[in-house]
Protein chains: 2
Amino acid sequence: MRRNSFISREQDYALRMTAFLAGLPKGEFISVPKLAEKLFISQKFASRIIHKLKKTNITDSIQGKYGGVFLKADPKKLSMYDVLNTIGFKVKFNDCLKENFVCELMFGCKFHSFWINEEKLLIDKLKSQKFSDYILQEQNN
Amino acid sequence: MRRNSFISREQDYALRMTAFLAGLPKGEFISVPKLAEKLFISQKFASRIIHKLKKTNITDSIQGKYGGVFLKADPKKLSMYDVLNTIGFKVKFNDCLKENFVCELMFGCKFHSFWINEEKLLIDKLKSQKFSDYILQEQNN
DNA sequence: TTTAAACATAACCTTTTAGGTAATGTTTAG
DNA sequence: CTAAACATTACCTAAAAGGTTATGTTTAAA
């Protein structure tokens, strides 16, 4: 079901997974199938997301049997924005903020600057939120 | 072309149209075809949007030949939120903020409150922005 | 009283994307 | 050699955005 949120399911899952990995003791790792199960994400989808996170050095992995994934970045420095950006966070508040968009209302549209401001406010906020404050752990621990 | 913004094209057009009508001298009105042309919107689409705005008493119309539309609401009280809401502004920052959404991560997901806060901040901002500050007028006036 | 030009409203269409699944690798422990 | 993991690409499908089409109804003016 499509629900059209500011952030997509994939981005939400990426946040969850990163937050969970941030809670693993140093040196430990977890297989993607297990991680996916704990966070209620399909295995294949989780695998694809982890792959993206690895490409931007947020996570790293150990291949082969008994392999798994772990957080590579420092959770005190890693921000929500970093993760969202990795998963294609290109949302603009309004189309007129996007590259290559030509607005016909060049004459005095005052909404434009409003959207620019709001967008910047939110992005700065996302950059300020570090994963060390969003660690996700299991219930029965 | 679909571009996936925070606000939809239809909502953007509704803001434009309302801002233009807010700039008309008291007592004047304009036909939807003319309004649509000035704001670079297709006539029929503009017509459907105006219809929605009328249903919530933001605009009113004069029917028949030489008829047209005008702003009914007070631009000093009418907010961006009012217009967006009329055009189905139901966007949530994240799916987990939506009604009937069941989050499996009841155990300690700290993102939830972050999204709630950000969403409230933006909505309050949208409610504070009145059309008297966003009047849209033609170039060669 | 007819007609042109406007508003009113519902039904329909089409492209794009979210959100996933399937398929097929490659790696490594045992 | 094989099981179980990570790696990567290709494909699928429902639903929504973003319109258009169609068919009214209303009213000023010839």
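Residue numbering restarts at 1 for every chain, and letters A, B, ... go by the order of the sequence lines.
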Taking the minimum atom-to-atom distance to the side chain of Lys44(B), which one of dA22(C), dA22(D), dG20(C) wins?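 When the side chain of Lys44(B) is considered, dA22(D) is the closest of dA22(C), dA22(D), dG20(C).
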Base of dG20(C) paired with side chain of Arg48(A) (donor-acceptor, under 3.5 Å):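 Yes, the side chain and the base share a sub-3.5 Å donor-acceptor pair.
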Any side-chain to backbone donor/acceptor pair from Asn85(B) onto Asp82(B)? Under 3.5 Å, distance only.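 Answer holds: no.
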Euclidean distance, atom [atom1] of residue [X] to atom [atom2] of [N] [Å, nearest integer]:
{"X": "Ile87(B)", "N": "dA16(D)", "atom1": "CD1", "atom2": "P", "value": "18 Å"}
{"X": "Glu10(A)", "N": "dG20(C)", "atom1": "CD", "atom2": "C1'", "value": "10 Å"}
{"X": "Asp95(A)", "N": "dT17(C)", "atom1": "CG", "atom2": "P", "value": "11 Å"}
{"X": "Lys52(B)", "N": "dG18(D)", "atom1": "NZ", "atom2": "P", "value": "11 Å"}
{"X": "Ile7(A)", "N": "dT17(C)", "atom1": "CD1", "atom2": "C1'", "value": "17 Å"}
{"X": "Lys34(B)", "N": "dA5(C)", "atom1": "NZ", "atom2": "P", "value": "12 Å"}
{"X": "Arg9(B)", "N": "dT20(D)", "atom1": "CZ", "atom2": "P", "value": "14 Å"}
{"X": "Ile49(B)", "N": "dT20(D)", "atom1": "CD1", "atom2": "P", "value": "11 Å"}

So which of Leu122(B), Leu121(B), Ile116(B) actually passes side-chain contact (heavy atoms from CB on, under 4.5 Å) with Glu118(B)?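 Answer after filtering Leu122(B), Leu121(B), Ile116(B): Leu121(B).
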Checking all strands, does Tyr13(A) fall into the base, sugar-phosphate, or nothing category for heavy-atom contacts under 4.0 angstrom?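 Since only primed, P, OP1 and OP2 atoms lie under 4.0 Å of Tyr13(A), the category is sugar-phosphate.
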Tabulate protein N/O versus nucleotide N/O from nucleotides 3-6 of chain D, keeping only pairs under 3.5 Å, one per line.
residue, atom, partner, partner atom, Å
dC6(D), OP1, Val32(A), N, 2.7
dC6(D), OP2, Val32(A), N, 3.3
dC6(D), O3', Ser61(A), OG, 3.2

Could you pull out all residues at least two apart from Thr86(A) that satisfy side-chain hydrogen bond (donor to acceptor under 3.5 Å, both in side chains)?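 Expected list: Thr56(A).
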Salt bridge between Asp12(A) and Arg9(A), side-chain N to carboxylate O under 4.0 Å?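 Salt bridge flag = yes for Arg9(A) with Asp12(A).
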Determine the minimum heavy-atom distance between Ala22(B) and Ile135(B), stating which atoms define it.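 Answer, listing the atom of Ala22(B) first, then Ile135(B): O-CD1, 3.8 Å.
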Please confirm whether Lys110(A) makes a cation-pi placement over Tyr134(B), using NZ or CZ under 6.0 Å from the six-membered ring centre and within 45° of the ring normal.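 No, Lys110(A) does not lie over the aromatic ring of Tyr134(B).
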Could you check whether any side-chain heavy atom of Asn94(B) comes within less than 4.5 Å of a side-chain heavy atom of Phe6(A), counting everything from C-beta outward?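 When only atoms from C-beta onward are counted, Phe6(A) and Asn94(B) do not touch, as no gap falls below 4.5 Å.
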